[in-house]
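What follows is a short report on a single structure.
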Amino acid sequence: MKLGFGASVTGAKGRVRIRPLDALGNGMPIQEPQQQKLPLSTTHYLSTAGVRWSWTATQLDARSEARMIYRKDRVTYKPGSSQTLKFNTAVVGPDLPPGGLDGQGAERTGDTISAMIPLFTDSSGHPGFSAVTGGVARLESGGRILGEGPATDMLTAEVPAASAAYRLTVEAKRSTADTSTSTKVARVWTFTSARPAPNRTVTLPLSAVRFTPKLSLGGTAPAGGTLTVPLKVRGAAAAAGQVAALTVKVSFDGGRTWKTLAVKTDPKGARSVSVKHPASAKAVSFVVDLKDKSGNTVRQTITNAYRLAK
């Protein structure tokens with residue numbers, strides 16, 4: 001296993017806990033991991049017969065307190081195979097994995113809407129925890145705030161039974177002492193919802209776009225170069241033919257000015273944008289507007305999605 005553990009600030013430290021599990025899911029004794037400097041690149045050799053493996057990568061502050069945590073659980077590997085596993089690598093941003101609130105997202109039961117949006121999924125698709133310095137989750141309808149709370153907590157709100165238009169906002173900021181990438185992430189969804197059938201829970205039609213470029217473990221790309229940035233549509237618009245409109249804009253000055261990028265689609269349906277980096281720029285930010293065939297929309301902004309290095 002070739003393991004990479006990213007970090008975008010100097011002096012960062014972390015700990016990787018690698019836990020073997022037997023066939024019954026019981027953990028086996030293993031030495032506690034030591035703190036190591038980040039970014040980290042190591043190679044591990046794993047047993048395969050009757051063993052599953054769980055990984056936990058934790059970035060720590062100067063007081064050894066967790067600031068970011070990523071996990072990959074209960075994985076079985078084939079004998080003789082070679083794998084790559086990366087944690088905490090840019091672009092880090094919101095995601096909508098399938099599977100309802102167990103996988104995080106938004107749903108409605110009766111006249112209650114619940115939302116728990118994973119804001120800090122890394123480029124490999126690992127949902128993660130990250131300490132934040134501020135943020136909010138807010139549900140509105142008809143100009144009224146129906147529910148509000150911290151960005152990283154579950155938001156629950158009582159809503160009218162009749163069909164109505166809703167606006168869900170989730171945004172959070174991170175300390176520049178912890179990270180120089182994805183220092184602010186924000187999403188605003190609009191959708192329509194009505195009371196579902198009795199005893200039924202429905203997933204709300206939210207969508208998302210993930211950015212998955214190839215970057216260094218420090219979250220950098222070369223300044224002055226051109227980078228292909230793959231786009232992965234998630235949530236309600238992920239099904240074939242459900243994207244009605246998709247616009248991507250880039251900023252090299254922290255969001256003061258924006259330039260629209262051409263979204264390309266290959267014969268297999270994979271989408272991407274090509275970003276030409278100015279030689280003098282220091283970071284790249286993105287804003288995405290997506291509309292699905294049912295009229296639901298999302299605007300998402302990632303400030304300092306990745307940095308540029310000379």
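Below, all heavy atoms of this structure are taken into account, side chains as well, without hydrogens, waters or symmetry copies.
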In Å and rounded to the nearest 0.5 Å, what is the [atom1] to [atom2] distance from [X] to [Y]?
| X | Y | atom1 | atom2 | answer |
| --- | --- | --- | --- | --- |
| Leu204 | Leu168 | CG | CG | 8.5 Å |
| Leu146 | Ile113 | CG | CD1 | 8.0 Å |
| Arg234 | Leu290 | CZ | CG | 13.5 Å |
| Arg15 | Leu38 | CZ | CG | 11.0 Å |
| Asn296 | Leu206 | CG | CG | 8.0 Å |
| Trp53 | Leu21 | CH2 | CG | 9.0 Å |

Between [Y] and [X], is there a side-chain donor-acceptor contact under 3.5 Å, judged purely by atom types and distance?
| X | Y | value |
| --- | --- | --- |
| Ser285 | Ser251 | no |
| Thr76 | Arg52 | no |
| Thr112 | Glu158 | yes |
| Ser123 | Thr89 | yes |

Ignoring hydrogens and geometry, is there a side-chain-to-backbone donor-acceptor pair from [X] to [Y] under 3.5 Å?
| X | Y | answer |
| --- | --- | --- |
| Ser216 | Thr220 | yes |
| Trp189 | Thr169 | no |
| Ser54 | Arg74 | yes |
| Arg256 | Asp253 | yes |

I want to check something: taking the side chain as every heavy atom from C-beta on, are [X] and [Y] in contact at a cut-off of under 4.5 Å?
| X | Y | result |
| --- | --- | --- |
| Val275 | Leu261 | yes |
| Phe211 | Val248 | yes |
| Thr297 | Arg299 | no |
| Asp153 | Leu155 | no |

Nearest heavy atoms of Val51 and Pro20, plus distance in Å: CG1-CB, 3.9 Å
side-chain contact (heavy atoms from CB on, under 4.5 Å) partner of Ser8, chosen from Leu217, Leu215, Val92, Thr181: Thr181
Aromatic centroids of Phe87 and Phe5 separated by under 6.0 Å: no
Ring-ring centroid check Phe129 Phe120, cutoff 6.0 Å: no
Residues, nucleotides or ligands: over 12 heavy atoms within 6.0 Å of Arg138 CZ: yes
From Thr133, Thr176, Asn304, Thr303, residue fulfilling side-chain hydrogen bond (donor to acceptor under 3.5 Å, both in side chains) relative to Thr183: Asn304
Where at least one partner belongs to residues 174-196, residue pairs that pass salt bridge (Lys or Arg N to Asp or Glu O under 4.0 Å), sequence neighbours excluded: Arg67-Asp178, Asp111-Arg195
